[in-house]
Each structure stands twice: as structure tokens, then as C-alpha cells.
Amino acid sequence: MRYVPRFSWLSPLDRSSASSNLRARPGKGMEEVFQIMVDELRGYTDRLGDVWATDLEAVNRELERLGLAVLNPWDESTLLTSE
């Protein structure tokens with residue numbers, strides 16, 4: 001089974017070259033799509049950093065006050081879901 005990107009906003013030339021030669025370097029259209037996705041992801045990771053810097057700090061203060069374990073999203077042993 002061959003994977004063919006389904007971005008309808010790419011030109012027909014980009015779509016046909018992607019389906020006929022999968023080993024070729026991505027065309028300009030795919031580079032633009034990649035940059036759009038990078039920028040969008042950066043927005044999410046920036047927001048997540050803000051949440052961890054402010055909201056997580058407040059939650060951890062309350063957890064400590066209640067005598068519960070604090071959350072550390074960088075520690076793989078921290079449970080971030082309820083059981």
C-alpha cells in the first residue's frame with residue numbers, strides 16, 4: 001500500500017509528483033505545509049509551557065497543602081491520570 005498525502009490545497013503537480021515518486025524530495029507545497037504545522041505546534045507548546053509555569057505551580061501548592069503528591073510532567077513516574 002502506498003501512502004499519498006491528501007492535502008487538497010496542494011497543486012495537482014505537487015500531488016501527482018508525490019504519488020509517482022515517493023523517494024523524491026518533498027516539493028515546495030509540502031515544505032509550506034510542514035512550516036504551517038511547525039508554527040501551529042509551537043503555539044500549543046508555548047501555551048503548555050505557560051500552563052506548567054503558572055497553573056501547575058498553583059495546583060502543586062494546593063496538593064502539598066493537602067498532603068498529596070505533586071505533579072511533575074517531566075518525571076515519567078508521575079501519574080497524570082486518575083486510576
Side-chain angles (χ1 to χ4, degrees):
M1 179 176 192
R2 292 173 48 181
Y3 172 74
V4 178
R6 297 190 182 264
F7 295 102
S8 61
W9 32 319
L10 297 177
S11 72
L13 178 60
D14 289 337
R15 284 197 302 265
S16 65
S17 63
S19 63
S20 64
N21 189 359
L22 295 176
R23 294 181 183 209
R25 178 167 161 53
K28 179 89 171 127
M30 289 307 297
E31 291 173 7
E32 291 171 4
V33 169
F34 178 77
Q35 191 56 52
I36 290 168
M37 300 309 290
V38 165
D39 294 342
E40 184 174 341
L41 181 59
R42 184 174 301 117
Y44 293 130
T45 56
D46 289 350
R47 175 65 183 122
L48 183 58
D50 293 344
V51 168
W52 284 352
T54 57
D55 300 344
L56 181 63
E57 188 176 308
V59 167
N60 279 340
R61 278 196 306 273
E62 184 64 12
L63 289 171
E64 284 179 339
R65 187 185 72 74
L66 296 171
L68 300 171
V70 298
L71 300 175
N72 181 351
W74 299 277
D75 180 359
E76 292 181 17
S77 67
T78 299
L79 293 177
L80 298 178
T81 60
S82 61
E83 294 182 60

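All values reported here derive from a predicted model rather than from experimental measurement. Each residue takes its place number in the sequence, starting with 1.
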Same cluster (ILVMFWY, side-chain, under 4.5 Å), Val70 and Trp74: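 No; Trp74 is not reachable from Val70 via cluster members.
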
Considering all heavy atoms, the nearest Leu56-Pro73 contact: CD2-CD, 3.5 Å

Let me confirm one number: the CZ-CG distance from Arg65 to Asn60, rounded to the nearest 0.5 Å.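 Going from CZ on Arg65 over to CG on Asn60, the span is 13.5 Å.
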
Test of understanding: with side chain to side chain donor-acceptor pair (under 3.5 Å), list the residues that count as partners of Glu64, not counting sequence neighbours.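 Partners of Glu64 by the side chain to side chain donor-acceptor pair (under 3.5 Å) criterion come out as none, since no residue qualifies.
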
Per-pair distances, 0.1 Å, donor-acceptor, side chain in residues 33-43, under 3.5 Å, sequence neighbours excluded:
from: Gln35; atom 1: NE2; to: Asp39; atom 2: OD1; distance (Å): 2.9
from: Asp39; atom 1: OD1; to: Arg42; atom 2: NH1; distance (Å): 3.3
from: Glu40; atom 1: OE2; to: Tyr44; atom 2: OH; distance (Å): 3.2

Strictly by side chain to side chain donor-acceptor pair (under 3.5 Å), give each pair with a member in residues 45-55 just once, sequence neighbours left out.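 Those involving residues 45-55 do not exist here.
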
